[in-house]
Amino acid sequence: QIDAVTRSFLASSVACARCHDHKADPIPQSDYYSLAAIFRNTTTHFGLIKAQARQVSPLIDVSDLEPTSEKVVVDEAALAELQAKRDEAGRNMEEVMARIRSGEQVNRSTLRRSRTARDKAEAALNAFDQEGRARVFLMGVQDRFQPIETRILSRGELDRPGSQVTPGFVQVMSPPGGHSAGTTMTLSGRRELADWMANPRHPLTARVMVNRIWTWLFGSGLVATPDDFGATGSAPSHPELLDHLAIRLVENGWSIKRTIREIVLTETWRQASDFDRENFERDPENRYLWRAHPRRLEAESIRDAMLMIAGNLDFRRPEGSLLEVVGEGAVGKSVYAPEIRAIETDHRSVYLPRVRDVMPEMLELFDGPDGSAVTGQREVTTMPLQSLYLMNSDFVREQAVGFAERVMSQPVGERLDYAHRLAFGRAATPGERAIAKDFGGAFSEATGELESRFEHERWTAYCHALFCTAEFRRIE
């Protein structure tokens, strides 16, 4: 939690001070444990049932805050059915436990499935009160009722506690004497931590935020290391501009929307990506922004663009977790990485599951980030496996079929331009028209059949080829 918060909002590696004073930045070990004192006195409600974790983490019940007239109500029959399913799942679990107690060798997966079924049935029933009204839950955090004492751990080892610390903040980022959470703080100190980070005079928060916005828009930040503003990070290429944008962000009420509007209305944003040799020789990395950064789409955007063009993208949020199709259990024991990578759905890529460092194949190949780490700027690699995936993937082939069907719904003379507008946002060039004509003739010759009979297959192959182009995956 400390690493995620400090890297995200402060672009600082405070977590490096867990075992010793920070090696590069002026952050003593005591600062880390002062922040830890805040998070240790906070309980996070993940919503985990007993079958999913060693410790149950229920969601927060806020049913009393929801107007009664807006609650979903089930009838007595539906409520009785949920109770019957709960009771049946409980009996099945008891039978499995009785077999184990009798000395019978029961497969571990059988025990896990029975336990999961019981806990899911219990959770489904608990979603309604005794009168059948839906209860309202949310994931969140709460202060602990009893504060926990926090001590500095020598070398980060639990069995070597040192001096006690009070909740506080990073000293080098605070005014003199202003790094303590204070004696009038809330139980955990979360409110004080939020006020400290969102203080308009905080030296980092606004600068880190506008640098991330700049990175999202231009492909590279004013500070090239968006997750590290410390000594090991890069110096800003335009420090005065960074300060100006940070001041404007605060003056605009921390509005991301207004900041984006100010940036995209500038001449710098509206530049083309045309190459200029003289400028390239002076600034090969384009740090001074003499042209727009040509860059590849992110993995999720490539996948979603294929689904959108094929007419298959489902904008709805999926019900439950997509991981249910691979079952319950530990990765590598009862659930295996290839099964997770093979998960496919027509929903947006943001809903695809990521289990530690295991993610669906397409996201993995196109540099999807590790879901357990803060990644302000992704790696961009080019390797043969990416091209092989685009050529041979069943998923890409299925989207090419949908793409072809959309193209064939147009008048014959407009199909080629329509296909290129969907894929590239422009009409086909004369050279591309000649290539398409040669492709059609070569395809008919290879199949040995009449052109009209294999028209759909020909367009599917052509649309598949458009998906495989570099232009489809790049922003120029």
Side-chain angles (χ1 to χ4, degrees), residues 218-219 269-277 279-280 286 291-313 346 349 362 365-367 380-476:
F218 287 91
W269 165 256
R270 296 197 297 266
Q271 290 185 111
S273 59
D274 297 342
F275 180 80
D276 182 275
R277 180 164 295 280
N279 286 333
F280 178 77
N286 193 29
R291 66 165 179 164
H293 280 286
R295 62 187 188 274
R296 194 186 69 195
L297 287 171
E298 296 175 336
E300 296 90 340
S301 298
I302 296 173
R303 180 181 177 277
D304 289 353
M306 289 183 180
L307 287 167
M308 187 71 181
I309 292 173
N312 296 328
L313 185 60
D346 289 339
S349 301
M362 186 171 188
L365 287 174
F366 287 94
D367 307 306
V380 179
T381 62
T382 302
M383 53 185 178
L385 285 177
Q386 294 169 346
S387 298
L388 291 172
Y389 176 85
L390 293 175
M391 290 189 294
N392 301 305
S393 166
D394 291 337
F395 169 79
V396 178
R397 171 72 181 182
E398 290 170 5
Q399 307 320 310
V401 170
F403 187 4
E405 290 173 354
R406 291 188 66 184
V407 171
M408 291 182 65
S409 67
Q410 302 298 308
V412 175
E414 301 176 7
R415 290 177 180 176
L416 185 62
D417 280 342
Y418 184 71
H420 279 253
R421 286 195 177 96
L422 285 178
F424 307 139
R426 59 169 179 79
T429 64
E432 290 168 336
R433 292 181 181 279
I435 293 173
K437 183 176 180 180
D438 293 341
F439 178 86
F443 187 90
S444 300
E445 183 178 345
T447 58
E449 299 288 345
L450 295 175
E451 183 176 342
S452 59
R453 181 177 175 181
F454 278 84
E455 185 177 12
H456 184 272
E457 284 77 1
R458 185 181 74 237
W459 274 111
T460 297
Y462 188 77
C463 291
H464 193 168
L466 295 183
F467 278 153
C468 294
T469 59
E471 183 175 355
F472 177 75
R473 306 191 301 273
R474 291 181 62 81
I475 300 175
E476 295 288 346

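Below, each value reflects all heavy atoms present in this structure, side chains not excepted, and no hydrogens, waters or symmetry copies. Remember, predicted model here, so these are calculated numbers, not experimental data.
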ask   = By salt bridge (Lys or Arg N to Asp or Glu O under 4.0 Å), which residues pair with Asp274, not counting sequence neighbours?
value = none

note = Heavy-atom closest pair (Ala423 atom, Ile309 atom, distance to 0.1 Å) is CA-CD1, 3.9 Å

Residues in salt bridge (Lys or Arg N to Asp or Glu O under 4.0 Å) contact with Arg406, at least two apart in sequence or another chain = none

Validation row: Phe403, Trp459 side chains within 4.5 angstrom (heavy atoms) = no

request  = State which residues pass salt bridge (Lys or Arg N to Asp or Glu O under 4.0 Å) with Asp367; sequence neighbours excluded, sorted by chain then number.
outcome  = Arg296

Worked check of side-chain contact (heavy atoms from CB on, under 4.5 Å) between Leu365 and Met383 = CA-CA 9 Å; Leu365 287 174; Met383 53 185 178; 4.1 Å; yes

ask   = Which residues satisfy the ring-ring contact (aromatic ring centres under 6.0 Å, His included) test with Phe472, sequence neighbours excluded?
value = Phe467

key: Minimum heavy-atom distance Leu390-Met306, with the two atoms named   = CD2-CE, 3.5 Å

ask   = If every non-hydrogen atom of Gln410 is compared with every non-hydrogen atom of Tyr418, which pair is closest and at what distance?
value = CG-CD2, 3.5 Å

ask   = Can you name the side-chain hydrogen bond (donor to acceptor under 3.5 Å, both in side chains) partners of Asn312, sequence neighbours left out?
value = Gln399

ask   = Nearest heavy-atom pair of Arg291 and Asn286: which atoms, and what distance?
value = O-ND2, 2.8 Å

key: Taking every non-hydrogen atom, the tightest pair across Val407 and Ala419   = CG2-CB, 3.7 Å

ask   = Taking all non-hydrogen atoms of both residues, which atom of Cys463 and which atom of Ala400 are closest, and how far apart?
value = CB-O, 4.0 Å

task = With sequence neighbours left out, write down each residue that passes salt bridge (Lys or Arg N to Asp or Glu O under 4.0 Å) with Arg415, or none if nothing qualifies.
result = Glu455

